[in-house]
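Inspection log for the structure reproduced underneath, given as C-alpha coordinates.
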Amino acid sequence: MNSASIVPPARVGVIGLGLMGLPMARNLARAGYRIAAHDLDRGALARARDATGAEVPGSLKVIGESCEAVITMLPDGKAVREVVLGSGGDCLLAGLARESVLIDMSSSSPVSTRELGARLAERGVAMLDAPVSGGVRKAADATLSIMVGGDSGQIARCRPLLEAMGKQIFLTGLLGSGHAMKALNNYVSAAGLAAAAEAVLAGQRFGLEAKNVVDILNASTGMNNSTLNKFHQFILSRAFDSGFSLDLMVKDLKTAVEVAHATGSPAPFAEACLEAWSEAQASLGPGADHTAVVRYWEKLAGTELGKKA
Ligand code: NAD
(Lines give C-alpha, C1' and ligand atoms only; values in the text may rest on other atoms or scores of the structure.)
Protein backbone atom coordinates (compact mmCIF):
# COMPACT_ATOMS: atom_id res chain seq x y z
CA MET A 1 0.00 0.00 0.00
CA ASN A 2 1.13 3.53 -0.76
CA SER A 3 1.40 4.98 2.75
CA ALA A 4 2.55 8.50 1.82
CA SER A 5 0.19 11.13 3.22
CA ILE A 6 -1.81 13.09 0.68
CA VAL A 7 -0.60 16.62 1.36
CA PRO A 8 -0.79 19.96 -0.49
CA PRO A 9 -0.38 20.69 -3.32
CA ALA A 10 -1.86 17.29 -4.27
CA ARG A 11 -4.78 17.47 -6.67
CA VAL A 12 -8.06 16.36 -5.07
CA GLY A 13 -11.32 15.66 -6.86
CA VAL A 14 -14.50 17.01 -5.28
CA ILE A 15 -17.75 15.68 -6.72
CA GLY A 16 -20.84 17.53 -5.45
CA LEU A 17 -20.37 21.25 -4.79
CA GLY A 18 -23.68 21.96 -3.07
CA LEU A 19 -24.36 23.57 0.30
CA MET A 20 -21.72 21.40 2.00
CA GLY A 21 -19.34 20.44 -0.82
CA LEU A 22 -18.58 24.05 -1.80
CA PRO A 23 -17.35 25.28 1.62
CA MET A 24 -15.46 22.01 2.12
CA ALA A 25 -13.70 22.45 -1.23
CA ARG A 26 -12.93 26.06 -0.32
CA ASN A 27 -11.16 24.91 2.85
CA LEU A 28 -9.17 22.31 0.91
CA ALA A 29 -8.07 25.04 -1.50
CA ARG A 30 -7.15 27.33 1.42
CA ALA A 31 -4.97 24.52 2.78
CA GLY A 32 -3.12 24.45 -0.55
CA TYR A 33 -4.74 21.50 -2.34
CA ARG A 34 -5.52 21.84 -6.04
CA ILE A 35 -9.18 21.06 -6.71
CA ALA A 36 -10.76 19.27 -9.67
CA ALA A 37 -14.52 19.72 -9.42
CA HIS A 38 -17.60 18.08 -10.88
CA ASP A 39 -21.33 18.67 -10.36
CA LEU A 40 -24.44 18.16 -12.48
CA ASP A 41 -25.39 21.75 -11.68
CA ARG A 42 -23.41 24.22 -13.84
CA GLY A 43 -24.12 27.07 -11.42
CA ALA A 44 -22.62 25.08 -8.54
CA LEU A 45 -19.55 24.35 -10.67
CA ALA A 46 -19.10 27.99 -11.63
CA ARG A 47 -19.29 28.99 -7.94
CA ALA A 48 -16.69 26.32 -7.10
CA ARG A 49 -14.36 27.57 -9.83
CA ASP A 50 -14.66 31.14 -8.56
CA ALA A 51 -14.21 30.20 -4.90
CA THR A 52 -11.42 27.64 -5.19
CA GLY A 53 -9.75 28.10 -8.56
CA ALA A 54 -10.90 24.54 -9.31
CA GLU A 55 -10.24 22.87 -12.62
CA VAL A 56 -13.49 21.74 -14.21
CA PRO A 57 -12.59 19.11 -16.79
CA GLY A 58 -16.20 18.08 -17.39
CA SER A 59 -15.31 14.39 -17.20
CA LEU A 60 -15.35 12.10 -14.16
CA LYS A 61 -12.82 9.79 -15.87
CA VAL A 62 -10.35 12.67 -16.25
CA ILE A 63 -10.81 13.65 -12.60
CA GLY A 64 -10.18 10.02 -11.59
CA GLU A 65 -7.00 9.91 -13.69
CA SER A 66 -5.57 13.14 -12.33
CA CYS A 67 -6.31 12.78 -8.60
CA GLU A 68 -4.80 10.64 -5.86
CA ALA A 69 -7.93 11.18 -3.77
CA VAL A 70 -11.49 11.96 -4.81
CA ILE A 71 -14.11 13.21 -2.36
CA THR A 72 -17.83 12.72 -3.00
CA MET A 73 -20.33 15.07 -1.27
CA LEU A 74 -23.55 13.99 -2.94
CA PRO A 75 -27.17 13.63 -1.79
CA ASP A 76 -27.01 9.86 -1.16
CA GLY A 77 -25.26 6.56 -1.82
CA LYS A 78 -27.17 6.07 -5.07
CA ALA A 79 -25.66 9.25 -6.52
CA VAL A 80 -22.21 8.18 -5.27
CA ARG A 81 -22.55 4.80 -6.99
CA GLU A 82 -23.64 6.58 -10.17
CA VAL A 83 -20.55 8.81 -10.32
CA VAL A 84 -18.16 6.00 -9.34
CA LEU A 85 -19.48 3.18 -11.51
CA GLY A 86 -21.56 5.23 -13.98
CA SER A 87 -24.30 4.09 -16.26
CA GLY A 88 -23.51 6.30 -19.22
CA GLY A 89 -19.80 5.45 -19.62
CA ASP A 90 -18.11 8.45 -17.98
CA CYS A 91 -17.33 7.50 -14.39
CA LEU A 92 -14.57 7.81 -11.79
CA LEU A 93 -13.68 4.12 -11.88
CA ALA A 94 -12.72 4.42 -15.55
CA GLY A 95 -9.93 6.79 -14.52
CA LEU A 96 -8.94 6.04 -10.92
CA ALA A 97 -5.43 4.59 -10.64
CA ARG A 98 -4.47 1.68 -8.37
CA GLU A 99 -3.65 3.01 -4.90
CA SER A 100 -5.88 6.04 -5.28
CA VAL A 101 -8.62 6.53 -2.71
CA LEU A 102 -12.29 7.46 -2.83
CA ILE A 103 -13.56 9.27 0.27
CA ASP A 104 -17.35 9.34 0.43
CA MET A 105 -18.25 12.22 2.77
CA SER A 106 -21.95 12.14 1.83
CA SER A 107 -24.43 10.59 4.26
CA SER A 108 -24.85 7.32 2.36
CA SER A 109 -26.30 3.94 3.22
CA PRO A 110 -23.63 1.76 4.90
CA VAL A 111 -24.80 -1.34 3.04
CA SER A 112 -24.30 0.26 -0.38
CA THR A 113 -20.97 1.67 0.85
CA ARG A 114 -19.65 -1.80 1.61
CA GLU A 115 -20.75 -3.06 -1.80
CA LEU A 116 -19.09 -0.13 -3.53
CA GLY A 117 -15.90 -0.57 -1.47
CA ALA A 118 -15.69 -4.20 -2.62
CA ARG A 119 -16.06 -3.16 -6.27
CA LEU A 120 -13.28 -0.58 -5.88
CA ALA A 121 -11.00 -3.00 -4.02
CA GLU A 122 -11.15 -5.38 -7.04
CA ARG A 123 -9.42 -2.57 -8.98
CA GLY A 124 -6.90 -1.74 -6.24
CA VAL A 125 -8.70 1.48 -5.29
CA ALA A 126 -9.25 2.14 -1.57
CA MET A 127 -12.43 3.57 -0.10
CA LEU A 128 -13.18 5.42 3.12
CA ASP A 129 -16.57 6.59 4.36
CA ALA A 130 -16.19 9.92 6.13
CA PRO A 131 -19.58 11.57 6.67
CA VAL A 132 -19.75 14.82 8.57
CA SER A 133 -21.82 16.59 11.19
CA GLY A 134 -22.05 20.30 11.89
CA GLY A 135 -23.93 21.69 8.91
CA VAL A 136 -23.04 24.52 6.58
CA ARG A 137 -21.69 26.78 9.35
CA LYS A 138 -19.11 24.25 10.51
CA ALA A 139 -18.35 23.29 6.90
CA ALA A 140 -17.48 26.95 6.29
CA ASP A 141 -15.36 27.19 9.48
CA ALA A 142 -13.56 23.86 8.83
CA THR A 143 -14.81 22.66 12.23
CA LEU A 144 -16.89 19.69 11.07
CA SER A 145 -17.02 16.47 13.07
CA ILE A 146 -15.92 13.70 10.73
CA MET A 147 -16.63 10.01 11.41
CA VAL A 148 -14.36 7.81 9.36
CA GLY A 149 -14.67 4.12 8.54
CA GLY A 150 -12.16 2.01 6.64
CA ASP A 151 -8.58 0.82 6.72
CA SER A 152 -6.57 2.67 9.38
CA GLY A 153 -3.53 3.01 7.07
CA GLN A 154 -5.70 4.70 4.43
CA ILE A 155 -7.20 6.96 7.08
CA ALA A 156 -3.70 8.01 8.18
CA ARG A 157 -2.83 8.73 4.56
CA CYS A 158 -5.93 10.93 4.16
CA ARG A 159 -5.76 12.61 7.59
CA PRO A 160 -4.25 15.90 6.29
CA LEU A 161 -7.18 16.22 3.89
CA LEU A 162 -9.74 15.53 6.60
CA GLU A 163 -8.03 17.95 8.97
CA ALA A 164 -8.37 20.70 6.37
CA MET A 165 -12.17 20.35 6.66
CA GLY A 166 -12.88 19.19 10.19
CA LYS A 167 -11.94 19.67 13.80
CA GLN A 168 -12.81 16.33 15.37
CA ILE A 169 -11.99 13.18 13.47
CA PHE A 170 -13.44 9.96 14.90
CA LEU A 171 -12.35 6.53 13.71
CA THR A 172 -15.45 4.33 13.72
CA GLY A 173 -14.13 0.96 12.47
CA LEU A 174 -14.70 -0.97 9.26
CA LEU A 175 -15.83 0.60 5.99
CA GLY A 176 -19.51 1.61 6.34
CA SER A 177 -19.33 2.24 10.08
CA GLY A 178 -19.00 6.00 9.58
CA HIS A 179 -22.16 5.99 7.46
CA ALA A 180 -24.00 3.88 10.05
CA MET A 181 -22.89 6.29 12.80
CA LYS A 182 -23.99 9.33 10.80
CA ALA A 183 -27.49 7.92 10.18
CA LEU A 184 -27.87 7.00 13.86
CA ASN A 185 -26.75 10.49 14.87
CA ASN A 186 -29.30 12.09 12.57
CA TYR A 187 -32.05 9.84 13.96
CA VAL A 188 -31.27 11.11 17.47
CA SER A 189 -31.16 14.68 16.13
CA ALA A 190 -34.50 14.31 14.28
CA ALA A 191 -36.13 12.71 17.33
CA GLY A 192 -34.91 15.60 19.51
CA LEU A 193 -36.32 18.19 17.13
CA ALA A 194 -39.67 16.37 16.91
CA ALA A 195 -39.92 15.91 20.69
CA ALA A 196 -39.21 19.59 21.26
CA ALA A 197 -41.74 20.63 18.55
CA GLU A 198 -44.45 18.61 20.27
CA ALA A 199 -43.53 20.02 23.69
CA VAL A 200 -43.37 23.67 22.57
CA LEU A 201 -46.69 23.31 20.74
CA ALA A 202 -48.44 21.66 23.70
CA GLY A 203 -46.92 24.24 26.07
CA GLN A 204 -48.15 27.12 23.93
CA ARG A 205 -51.65 25.63 23.66
CA PHE A 206 -51.61 25.31 27.47
CA GLY A 207 -50.93 29.04 27.76
CA LEU A 208 -47.13 29.24 27.96
CA GLU A 209 -45.15 31.48 25.62
CA ALA A 210 -43.29 29.48 22.95
CA LYS A 211 -40.03 31.41 23.35
CA ASN A 212 -40.23 30.99 27.11
CA VAL A 213 -40.68 27.22 26.71
CA VAL A 214 -37.53 27.08 24.55
CA ASP A 215 -35.52 29.21 27.01
CA ILE A 216 -36.59 27.03 29.96
CA LEU A 217 -35.80 23.80 28.07
CA ASN A 218 -32.38 25.28 27.29
CA ALA A 219 -31.73 25.87 30.98
CA SER A 220 -33.14 22.47 31.97
CA THR A 221 -32.68 18.76 31.30
CA GLY A 222 -34.93 18.84 28.20
CA MET A 223 -32.33 20.85 26.28
CA ASN A 224 -30.97 19.35 23.05
CA ASN A 225 -29.16 20.55 19.93
CA SER A 226 -32.43 21.60 18.28
CA THR A 227 -33.69 23.59 21.27
CA LEU A 228 -30.27 25.26 21.55
CA ASN A 229 -29.40 25.88 17.92
CA LYS A 230 -32.59 25.66 15.86
CA PHE A 231 -35.75 26.82 17.66
CA HIS A 232 -35.03 30.52 18.12
CA GLN A 233 -32.77 30.75 15.06
CA PHE A 234 -34.81 29.01 12.35
CA ILE A 235 -38.23 28.01 13.76
CA LEU A 236 -39.66 30.75 15.99
CA SER A 237 -38.02 33.31 13.67
CA ARG A 238 -39.93 31.59 10.80
CA ALA A 239 -36.69 31.71 8.72
CA PHE A 240 -36.63 27.94 8.08
CA ASP A 241 -33.24 28.26 6.37
CA SER A 242 -30.78 26.09 8.31
CA GLY A 243 -29.23 24.76 5.08
CA PHE A 244 -30.13 21.08 5.66
CA SER A 245 -33.14 19.84 3.75
CA LEU A 246 -36.05 17.80 5.04
CA ASP A 247 -35.60 15.38 2.13
CA LEU A 248 -32.04 14.60 3.27
CA MET A 249 -33.19 14.12 6.86
CA VAL A 250 -35.87 11.63 5.80
CA LYS A 251 -33.22 9.77 3.79
CA ASP A 252 -31.00 9.60 6.90
CA LEU A 253 -33.92 8.36 9.04
CA LYS A 254 -34.61 5.60 6.52
CA THR A 255 -30.94 4.61 6.72
CA ALA A 256 -31.02 4.56 10.54
CA VAL A 257 -34.08 2.29 10.52
CA GLU A 258 -32.35 0.05 7.93
CA VAL A 259 -29.32 -0.22 10.24
CA ALA A 260 -31.57 -1.17 13.17
CA HIS A 261 -33.44 -3.76 11.10
CA ALA A 262 -30.26 -5.20 9.57
CA THR A 263 -28.87 -5.77 13.06
CA GLY A 264 -32.13 -7.08 14.57
CA SER A 265 -32.24 -4.13 17.01
CA PRO A 266 -35.60 -2.97 18.37
CA ALA A 267 -36.33 0.55 17.12
CA PRO A 268 -39.97 1.53 17.75
CA PHE A 269 -39.07 5.22 18.35
CA ALA A 270 -36.97 5.37 15.18
CA GLU A 271 -39.79 3.78 13.17
CA ALA A 272 -42.35 6.25 14.58
CA CYS A 273 -39.94 9.12 13.93
CA LEU A 274 -39.43 8.05 10.31
CA GLU A 275 -43.19 7.78 9.81
CA ALA A 276 -43.83 11.28 11.22
CA TRP A 277 -41.03 12.92 9.22
CA SER A 278 -42.13 11.10 6.04
CA GLU A 279 -45.69 12.37 6.53
CA ALA A 280 -44.29 15.88 7.03
CA GLN A 281 -42.27 15.52 3.81
CA ALA A 282 -45.39 14.43 1.89
CA SER A 283 -47.37 17.30 3.36
CA LEU A 284 -44.75 20.04 2.81
CA GLY A 285 -43.51 18.89 -0.61
CA PRO A 286 -39.93 18.67 -1.90
CA GLY A 287 -37.24 21.24 -1.15
CA ALA A 288 -38.31 22.30 2.36
CA ASP A 289 -35.68 22.95 5.02
CA HIS A 290 -35.68 20.28 7.73
CA THR A 291 -36.58 22.87 10.41
CA ALA A 292 -39.86 23.46 8.52
CA VAL A 293 -40.96 20.03 9.78
CA VAL A 294 -42.68 21.87 12.67
CA ARG A 295 -45.14 23.28 10.14
CA TYR A 296 -46.53 19.76 9.86
CA TRP A 297 -47.17 19.62 13.63
CA GLU A 298 -48.61 23.13 13.48
CA LYS A 299 -50.95 22.03 10.71
CA LEU A 300 -52.15 19.03 12.74
CA ALA A 301 -52.71 21.28 15.76
CA GLY A 302 -54.16 24.26 13.88
CA THR A 303 -51.74 26.46 15.87
CA GLU A 304 -48.70 28.42 14.72
CA LEU A 305 -45.76 28.45 17.12
CA GLY A 306 -45.04 31.87 18.56
CA LYS A 307 -48.50 33.26 17.69
CA LYS A 308 -51.08 34.07 20.33
CA ALA A 309 -53.97 31.53 20.19
P1 NAD B 1 -26.94 19.74 -1.83
O2 NAD B 1 -28.19 19.25 -2.47
O3 NAD B 1 -26.83 21.18 -1.47
O4 NAD B 1 -25.66 19.36 -2.75
C5 NAD B 1 -25.56 18.18 -3.48
C6 NAD B 1 -24.87 18.50 -4.79
O7 NAD B 1 -24.67 17.27 -5.51
C8 NAD B 1 -25.69 19.43 -5.69
O9 NAD B 1 -24.89 20.52 -6.12
C10 NAD B 1 -26.09 18.52 -6.87
O11 NAD B 1 -26.18 19.21 -8.10
C12 NAD B 1 -24.96 17.52 -6.89
N13 NAD B 1 -25.30 16.23 -7.49
C14 NAD B 1 -26.38 15.45 -7.25
N15 NAD B 1 -26.33 14.32 -7.95
C16 NAD B 1 -25.17 14.39 -8.68
C17 NAD B 1 -24.54 13.51 -9.60
N18 NAD B 1 -25.08 12.32 -9.93
N19 NAD B 1 -23.37 13.91 -10.16
C20 NAD B 1 -22.80 15.11 -9.83
N21 NAD B 1 -23.35 15.97 -8.96
C22 NAD B 1 -24.52 15.61 -8.40
O23 NAD B 1 -26.74 18.80 -0.53
P24 NAD B 1 -25.85 19.12 0.77
O25 NAD B 1 -26.73 19.77 1.78
O26 NAD B 1 -24.57 19.73 0.35
O27 NAD B 1 -25.61 17.62 1.28
C28 NAD B 1 -24.63 16.76 0.68
C29 NAD B 1 -24.48 15.53 1.57
O30 NAD B 1 -24.06 15.94 2.87
C31 NAD B 1 -25.79 14.76 1.78
O32 NAD B 1 -25.52 13.38 1.80
C33 NAD B 1 -26.28 15.25 3.13
O34 NAD B 1 -27.13 14.30 3.77
C35 NAD B 1 -24.97 15.47 3.85
N36 NAD B 1 -24.97 16.46 4.94
C37 NAD B 1 -25.57 17.68 4.76
C38 NAD B 1 -25.53 18.61 5.82
C39 NAD B 1 -26.18 19.97 5.69
O40 NAD B 1 -26.29 20.66 6.72
N41 NAD B 1 -26.59 20.41 4.51
C42 NAD B 1 -24.88 18.29 7.01
C43 NAD B 1 -24.24 17.05 7.13
C44 NAD B 1 -24.28 16.14 6.09
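All ligand and atom numbering here is 1-based and tracks the order in the structure. Note that this is a predicted model, so its numbers are computed, not measured. Residues: numbered from 1 along the sequence shown.
For atom 36 (N) of ligand 1, the nearest protein heavy atom (residue, atom name, distance) is Ser107 OG, 4.1 Å. When hydrogens are left out, the protein atom nearest atom 18 (N) of ligand 1 is Leu40 CD1, 3.7 Å; that is the closest non-hydrogen contact. For atom 26 (O) of ligand 1, the closest non-hydrogen atom of the protein is Met20 N, 2.9 Å. Protein heavy atom in closest approach to atom 4 (O) of ligand 1: Gly18 CA, 3.3 Å. Ranking the protein heavy atoms by distance from atom 30 (O) of ligand 1 puts Met73 CE, 3.0 Å first. In terms of protein heavy-atom proximity, atom 43 (C) of ligand 1 is nearest to Val132 O, 3.5 Å. Of all protein heavy atoms, the one lying nearest to atom 34 (O) of ligand 1 is Lys251 NZ, 2.9 Å. Of all protein heavy atoms, the one lying nearest to atom 14 (C) of ligand 1 is Pro75 CD, 3.5 Å.
Using a 4.0 Å cutoff on heavy atoms, Met105 does not count as a contact of ligand 1. Heavy-atom separations between Gly243 and ligand 1 include at least one value shorter than 4.0 Å. Residue contacts with ligand 1 leave out Met249, since none of its heavy atoms falls under 4.0 Å from the ligand.
Ion pairing between Glu55 and Arg11 holds under the 4.0 Å rule for side-chain N and carboxylate O. By the 4.0 Å N-to-carboxylate-O rule, Arg238 lies close enough to Glu304 to be salt-bridged with it. Under the 4.0 Å criterion applied to side-chain N and carboxylate O atoms, Lys61 and Glu65 are assigned as salt-bridge partners.
Contacts with ligand 1 closer than 4.0 Å are made by no heavy atom of Ser245, backbone or side chain.
The closest side-chain donor-acceptor pair between His261 and Glu271 falls under 3.5 angstrom. Using a 3.5 Å distance cut-off with no hydrogens or angles, the side chains of Asn218 and Thr227 do pair a donor with an acceptor. Side-chain N/O atoms of Ser106 and Asp104 include a donor and acceptor closer than 3.5 Å. Between the side chains of Ser5 and Arg157, no donor-acceptor pair of N or O atoms lies under 3.5 Å. With hydrogens and angles left out, the side-chain atoms of Ser242 and His290 include a donor and acceptor closer than 3.5 Å.
Ligand 1 has no N or O atom lying under 3.5 Å from any N or O atom of Ala79, backbone or side chain. At under 3.5 Å, not a single nitrogen or oxygen of Lys182, backbone or side chain, sits near a nitrogen or oxygen of ligand 1. For a threshold of 3.5 Å applied to N or O pairs, the pair formed by Gly135 and ligand 1 contains no separation below that value.
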>> Let's go through Lys254 and Leu274 carefully: what are the C-alpha distance in whole Å and the side-chain angles of both, what is the deciding distance for side chain to side chain contact (heavy atoms under 4.5 Å, CB included) to 0.1 Å, and is it a yes or a no?
In response: CA-CA 7 Å; Lys254 282 184 186 150; Leu274 170 60; 3.7 Å; yes
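The heavy atom nearest to atom 32 (O) of ligand 1, out of those in Leu74, Leu248, Leu45, Asp76, is found in Leu74. Selection from Val83, Leu19, Asp39, Asn186 by nearest heavy atom to atom 6 (C) of ligand 1 gives Asp39.
Side-chain contact between Cys273 and Leu253 is present, with heavy atoms from C-beta onward closer than 4.5 Å.
Linking Ile, Leu, Val, Met, Phe, Trp and Tyr residues whenever their side-chain heavy atoms come within less than 4.5 Å leaves Phe234 and Val294 in two separate clusters. Put simply, Phe269 and Val250 are part of the same group of oily side chains (I, L, V, M, F, W, Y) that touch within less than 4.5 Å, one to the next.
For atom 21 (N) of ligand 1, the nearest protein heavy atom lies closer than 4.0 Å.
Close contacts between ligand 1 and Ser106 involve ligand atoms 32 (O) [criterion: under 4.0 Å to a heavy atom].
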